[in-house]
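Counting convention: from 1, in listed order, for ligands and their atoms alike. Quick caveat, the model's predicted, so the values are computed rather than measured. For the numbers below, each heavy atom of this structure counts, side chains included, while hydrogens, waters and symmetry mates do not.
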Amino acid sequence: MRVAIVGAGITGLACARDLVAAGLEVVVFDKGRGVGGRLATRRAEGGFQFDHGASQVSATGAPFAALLKEAEAAGALARWEPGAGTSNASPSFVGLPGMSGFARYLAQGIDVRVGSTIGTVDRVDAGWRVTVGDHSETFDRVVLTLPAPQIIRLLGTTHPLCKEVSGVQMSPCLTLMAAFAGQGHVQDQKFAQPPGDLDLITLGNSKPGRQGDLQLWVAHANADFSNRHLDQELPDIAQMMLPLLCDHLGRKPAEALHAVAHRWRYARASRPLGLPFLSDRSGQMYLGGDWCLGNTAEAGWTSGRAVAADLLALGR
Ligand SMILES: Cc1cc2nc3c(=O)[nH]c(=O)nc-3n(C[C@H](O)[C@H](O)[C@H](O)COP(=O)(O)OP(=O)(O)OC[C@H]3O[C@@H](n4cnc5c(N)ncnc54)[C@H](O)[C@@H]3O)c2cc1C
């Protein structure tokens, strides 16, 4: 059986791993330049990097905790003690050398085709035809693991599965990546949840395995600020967010050596589906993602594995 998975974030990779382990032929398509989706690392000129999506991963359940342990033993994750302001009850882990390193570990042994934007997914006699540019390929099963609004855009609002997907709400997150000279006085501000328009500030180089002598900060705007400024130009967003970060750090915007913004249009589910996945009646098309169960990497992992389990149970 050939299975197409659209999306090489943690949901798609979780699903692919289980299907490949069961002997199925799996191809994962992703429009990005690499794997990981929102487990993302941005490299800047000058050789430094920012984890501008998820800042860390942690487990609430035993299956994901076991995966984190496995990846830690393989050198793809390291434990991180974020410091004051952290609310996680369970240990935090970060990817090595960046968050996307965790996704690359999960993608080992899987046929992943990056730079492949799926334009259409159509039912044909022999199964499903997925199209990338002017190339199309047919598969027996198809699994879509995109953020919920992107699934609706791909399938069309009238698709029978989209009625349920449209109840899911995802919030945006505008993100600032900023570099300053020097480390010194910020040892106690590795990770903070400041009042105001910012939700989270992370000192990236307080994470294990990161090098360099710059302060590398990532600031996430809260949902209200992100919604208000969502469609502004990225340089304007960076100019708006830099003073917010500087207020918190007690620095001047002019001191920033680097300040670049990123727009996560669909960052985290504010109203998840409440089911591990959706499928059509025949069990031939599956929809999964973090948005099914929550808004964390663990939710995506759990959804992806649930898709694989159902597909294997029905398909064999
Ligand atoms: C700013 C931010 C902070 C976060 N913080 C945390 C945190 O601290 N801890 C935590 O656990 N989680 C956090 N999260 C959430 C976590 O990143 C997500 O829950 C998880 O990564 C979602 O994985 P996914 O595979 O479901 O989706 P994604 O990672 O979004 O993967 C979907 C993939 O589909 C691809 N795609 C989209 N359209 C197409 C198409 N047409 N064709 C081909 N490919 C396509 C995309 O390129 C993407 O790679 C954060 C997210 C953001 C944005």
Side-chain angles (χ1 to χ4, degrees), residues 4-16 27-42 50-60 64 68 80 82 86-88 90 92-95 99-100 102-103 106-107 112-121 130-133 142-155 168 170-177 191 193 198-200 202 218-223 226 261-269 272-273 277 287-305 307:
I5 298 178
V6 187
I10 193 166
T11 305
L13 295 175
C15 184
V27 180
V28 183
F29 297 93
D30 200 290
K31 69 177 182 181
R33 274 185 296 171
V35 299
R38 282 170 276 159
L39 295 180
T41 304
R42 172 80 61 88
F50 300 90
D51 293 329
H52 60 305
S55 54
Q56 52 84 44
V57 292
S58 58
T60 59
F64 196 59
L68 299 186
W80 180 45
T86 318
S87 54
N88 277 356
S90 39
S92 290
F93 291 83
V94 295
M99 287 305 286
S100 59
F102 178 38
L106 298 176
V112 183
R113 301 193 193 158
V114 294
S116 301
T117 302
I118 300 297
T120 55
V121 176
V130 301
T131 307
V132 182
V142 65
V143 183
L144 307 183
T145 67
L146 323 177
Q150 292 180 324
I151 289 185
I152 296 176
R153 202 168 315 133
L154 184 61
L155 295 180
V168 172
M170 296 194 73
S171 307
C173 179
L174 296 178
T175 300
L176 176 71
M177 295 161 269
F191 193 106
Q193 283 162 313
L198 299 183
D199 223 11
L200 183 75
T202 309
V218 175
H220 294 162
N222 64 26
S226 299
H262 180 83
R263 181 188 298 109
W264 294 104
R265 195 171 283 281
Y266 307 113
R268 304 187 82 161
L273 179 70
F277 62 86
L287 311 183
D290 59 339
W291 52 269
C292 290
L293 291 170
N295 56 23
T296 61
E298 183 176 21
W301 172 258
T302 308
S303 171
R305 297 203 68 192
V307 169

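- Contacts with ligand 1 closer than 4.0 Å are made by backbone heavy atoms (N, CA, C, O) of Thr145 only, the side chain lying farther away.
- To the nearest 0.5 Å, atom SG of residue Cys173 and atom CZ of residue Arg265 are 13.0 Å apart.
- You'll find the side chain of Leu174 stays beyond 4.5 Å of the side chain of Pro172, heavy atoms only.
- Under a 4.0 angstrom heavy-atom cut-off, Ala40 registers as lying outside contact with ligand 1.
- Checked against a 3.5 angstrom limit, the closest N/O atoms of Asp30 and ligand 1 fall inside it.
- Here's the thing with Thr296: one of its N/O atoms is less than 3.5 angstrom from an N/O atom of ligand 1.
- The protein heavy-atom contact nearest to atom 31 (O) of ligand 1 is Gly9 CA, 3.5 Å.
- If you take OG1 on Thr117 and NZ on Lys31, they are separated by 6.5 Å, rounding to the nearest 0.5 Å.
- The N/O atoms of Ser58, backbone and side chain alike, include none that comes under 3.5 Å of an N/O atom in ligand 1.
- Between Val35 and the choices Val112, Asp30, Val28, Ile10, the side chain to side chain contact (heavy atoms under 4.5 Å, CB included) rule is met once, by Val112.
- The two residues Tyr266 and Gln150 have their closest heavy-atom pair at CE1-CG, 3.8 Å.
- Residue Ile10 places at least one N or O, backbone or side chain, under 3.5 Å from an N or O of ligand 1.
- Looking at Gly7 next to ligand 1, no N or O pair under 3.5 Å apart turns up.
- Counted by atom type alone, Ser58 and Ser92 present zero donor-acceptor pairs between their side chains at under 3.5 Å.
- Side-chain contact of Thr60 with Glu298: a donor-acceptor pair under 3.5 Å is present, judged by distance alone.
- No side-chain donor-acceptor contact under 3.5 Å links Trp80 to the backbone of Ser55.
- Ligand 1 lies less than 4.0 angstrom from a heavy atom belonging to Leu146.
- Of the protein's heavy atoms, Asn295 O, 3.5 Å lies nearest to atom 15 (C) of ligand 1.
- The shortest separation from a heavy atom of Ala299 to ligand 1 is not under 4.0 Å, leaving the residue out of contact.
- Formation of a donor-acceptor pair under 3.5 Å by the Ser303 side chain with backbone atoms of Gly289 is found in this model.
- Ranking the protein heavy atoms by distance from atom 4 (C) of ligand 1 puts Ala54 CA, 3.4 Å first.
- Atom OG1 of Thr131 and atom CZ of Phe29 lie 9.5 Å apart (nearest 0.5 Å).
- The shortest N/O to N/O separation between Gln56 and ligand 1 falls below 3.5 Å.
- Nearest protein neighbour of atom 19 (O) of ligand 1, counting heavy atoms only, is Asp290 OD2, 2.7 Å.
- By the criterion of a heavy-atom distance under 4.0 Å, the backbone of Ser116, and not its side chain, is placed next to ligand 1.
- Any N or O atom pair closer than 3.5 Å counts here, and Glu298 shares no such pair with ligand 1.
- Here is the list of ligand 1 atoms found below 4.0 Å of a heavy atom in Gly37: 29 (O), 48 (C), 49 (O).
- Side-chain N or O atoms of Thr175 include none that pairs as donor or acceptor with a backbone N or O of His220 at under 3.5 Å.
- Residue Gly289 approaches ligand 1 through these ligand atoms, each under 4.0 Å from one of its heavy atoms: 26 (O).
- Counting protein heavy atoms only, atom 3 (C) of ligand 1 is closest to Gly53 O, 3.4 Å.
- Under a 4.0 Å N-O distance rule, the pair Arg42/Asp51 does not qualify as a salt bridge.
- Not a single donor-acceptor pair under 3.5 Å links the side chain of Arg305 to the backbone N or O of Ala14.
- Looking only at protein heavy atoms, the nearest one to atom 51 (C) of ligand 1 is Ala267 O, 3.8 Å.
- Any N or O atom pair closer than 3.5 Å counts here, and Lys31 shares at least one such pair with ligand 1.
- At least one donor-acceptor pair under 3.5 Å links the side chain of Thr145 to the backbone N or O of Gly7.
- Looking at Arg38 against ligand 1, both its backbone and its side chain come within 4.0 Å, counting heavy atoms.
- Each of the atoms 29 (O) of ligand 1 lies under 4.0 Å from some heavy atom of Gly36.
- Summary of contacts: the protein heavy atom closest to atom 40 (C) of ligand 1 is Ile118 N, 3.8 Å.
- At a heavy-atom distance under 4.0 Å, no atom of Val35 approaches ligand 1.
- With respect to atom 16 (C) of ligand 1, the closest heavy atom belonging to the protein is Ala297 N, 4.0 Å.
- Across Val132 and Ile118, no two heavy atoms sit closer than the pair CG2-CD1, 3.4 Å.
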